[in-house]
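These numbers come from a predicted model, not from an experiment.
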Amino acid sequence: MASNIRAVVVDTLQPPESLHVSSIPAPSLSDDSVIVDVKAAGCNFFDILLAQGKYQIKPKLPFVLGSEFAGVVAKAGAQVNGLSVGDRVYGFLPYGAFAEQVCVHQFQVKKIPSASMSFAEATAFGTVYPTSYQGLVGRANLRSGETLLVTAAAGGVGLAAVQIGKALGAKVIAAAGSDEKLDVCKQYGADHVINYSSEDILERVKQLTDGRGVDVIYDPVGGDLFKKLISCLAFSGRIIVVGFASGKIPSVETNRILLKNISVVGLHWGAYAIHDPDEMKKMTDECHNLFKKGAIKPVVFRQYPVERISDALKQLAERKTYGKVVLTFDNSKL
């Protein structure tokens, strides 16, 4: 095992264009952990915030950036059960994934569910699909025949929500900021699309639902859009607060919640690892089953060698991507 590995180290708070690859010591194995040779790692918008000290998690400097990874088990500790050297796995960390090797607790990784799923696809699957499934099923109780509106629908969790909504039998309306992104949404199952940079989302929802409104809204955007989204809900509708990609946290007028009998529910997927790991496993297993049935397919926008970390995150920051942007750590087929 190499004594040093490549990693994206944040040694001072900085914008994405300043990030670069450094050499750090390889991780050491503990009895209940595995060391994974990372083949691919997924980029998220919160990586940009984390590097600048603008995210709710603020690691002590220096730290390795990145949360999602996929690769091969290189070593397994003496107390590890169910994982062996050579297993293809994916996992999630609060930070530390943008490295050639990671040492993680055995419960922080899962076997890639199918030989047909590539490492790049596994990074695009591991967080966003269980997150969206838990939001739609566990939090909003989306039912077959209901109407689902997804905002930022071409993003990672957005496209996952579009696909899962269709798999559950819902009518799916995808909203995004460009026609190009909406074409992607239609490709992955959206029944109707709304360009909220050129169309009034409330008026379009009324047109598409004969004035009734939608049953469930999956919203990773927040900001000024949120107020209009509340108005888009049907009586007894549910809106899932997934994140604040707009950079602005909205407030809610609670009288509107009362008058329309609606529910505003939060979704913090990572918290399930602490508070309800059994639920986390259940939702992930359900997503594995959907993948094996061909009902969902992780979407990879583009792959960059890790040395181009600044280019990868710049694409995310400029909202020029759909699905998942992936970093790669070697030249093998991903």
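- Under a hydrophobic-cluster definition in which Ile, Leu, Val, Met, Phe, Trp and Tyr are linked whenever side-chain heavy atoms come within less than 4.5 Å, directly or via other members, Leu229 and Val162 are assigned to different clusters.
- Between Thr12 and Ser18, every side-chain heavy-atom pair lies at or beyond the 4.5 Å cut-off.
- Closest of all the heavy-atom pairs between Val9 and Pro62 is CG1-CB, 4.0 Å.
- Minimum interatomic distance between Gln303 and Thr328 (heavy atoms only, all atoms of both residues): OE1-CG2, 3.4 Å.
- Using a 4.5 Å cut-off between side-chain heavy atoms of Ile, Leu, Val, Met, Phe, Trp and Tyr, with links allowed through other members, Ile239 and Tyr196 fall into the same hydrophobic cluster.
- Rounding to the nearest 0.5 angstrom, the gap separating the OH atom in Tyr304 from the CD1 atom in Ile309 is 10.5 Å.
- Although no hydrogens or angles enter the test, the distance criterion places a donor-acceptor pair under 3.5 Å between the side chain of Asp219 and the main chain of Gly222.
- Note that the OG atom of Ser22 and the CG atom of Asn4 stand 11.0 Å from one another [nearest 0.5 Å].
- A donor-acceptor pair is defined here as one N or O able to donate and one able to accept, closer than 3.5 Å; such a pair exists between the side chain of Ser132 and the backbone of Val157.
- We find that Asp285 and Lys281 are joined by a salt bridge, their nearest charged nitrogen and carboxylate oxygen being less than 4.0 Å apart.
- Hydrophobic cluster membership is shared by Val265 and Ile164, with clusters built from Ile, Leu, Val, Met, Phe, Trp and Tyr side chains linked at under 4.5 angstrom.
- Summarising the geometry of Gln101 relative to Ala26, their closest heavy-atom pair is OE1-CB, 3.6 Å, with the distance given to 0.1 Å.
- For the atom pair CZ of Phe125 and CZ of Phe291, the computed distance is 7.5 Å after rounding to the nearest 0.5 Å.
- Looking at heavy atoms from C-beta onward, Lys227 lies out of side-chain contact with Pro250 at the 4.5 angstrom threshold.
- Between Lys297 and Glu121 there is a salt bridge, with a side-chain nitrogen of the basic residue lying less than 4.0 Å from a carboxylate oxygen of the acidic one.
- Residues Leu267 and Val241 do not share a hydrophobic cluster, defined by chaining ILVMFWY side chains whose heavy atoms lie under 4.5 Å apart.
- One N or O on the side chain of Gln52 and one on the backbone of Ile48 form a donor-acceptor pair closer than 3.5 Å.
- In this pair, Phe46 and Tyr55 present their aromatic rings parallel. The plane angle is below 30°, not in the 30 to 60° band.
- Between the CZ atom in Arg308 and the CG atom in Leu19 there is a gap of 14.5 Å [rounded to 0.5 Å].
- Between the Arg88 side chain and the Ile112 main chain, no donor and acceptor come within less than 3.5 Å of each other.
- A cation-pi arrangement, defined by a distance under 6.0 Å to the six-membered ring centre and an angle within 45 degrees of its axis, is absent between Arg139 and Tyr218.
- Nearest approach of Thr209 to Val214, heavy atoms of both residues: CG2-CG1, 4.1 Å.
- In this structure, the side chain of Arg6 does not engage the main chain of Val21 through any donor-acceptor pair within 3.5 Å.
- The structure places CG of Asp179 at 11.0 Å from SG of Cys185, a figure rounded to the nearest 0.5 Å.
- Side-chain atoms of Val73 and Ser84, non-hydrogen and from C-beta on, never get closer than 4.5 Å to each other.
- Smallest separation of non-hydrogen atoms from Val172 and Gly165: CG2-C, 3.9 Å.
- Inspection of the Gln163 and Tyr129 side chains reveals an N or O donor paired with an N or O acceptor under 3.5 Å.
- Shown here for Ala174 and Leu182, the closest heavy-atom pair between the two residues is O-CD2, 3.6 Å.
- A donor-acceptor pair under 3.5 Å is absent between the side-chain atoms of Lys75 and the main chain of Leu29, judged by distance alone.
- In this structure, the side chains of Leu208 and Ile194 come closer than 4.5 Å at one or more pairs of heavy atoms.
- In the hydrophobic cluster analysis, where Ile, Leu, Val, Met, Phe, Trp and Tyr join through side-chain heavy atoms closer than 4.5 angstrom, Phe244 is grouped apart from Val150.
- In this structure, Leu233 and Arg238 have side chains that are not in contact, with every pair of non-hydrogen atoms separated by 4.5 Å or more.
- Counting heavy atoms from C-beta on, the side chains of Met283 and Tyr272 never come closer than 4.5 Å.
- With rounding to the nearest 0.5 Å, the separation of SG in Cys232 from CG in Leu149 is 6.0 Å.
- Ion pairing between Asp215 and Arg143 fails under the 4.0 Å rule for side-chain N and carboxylate O.
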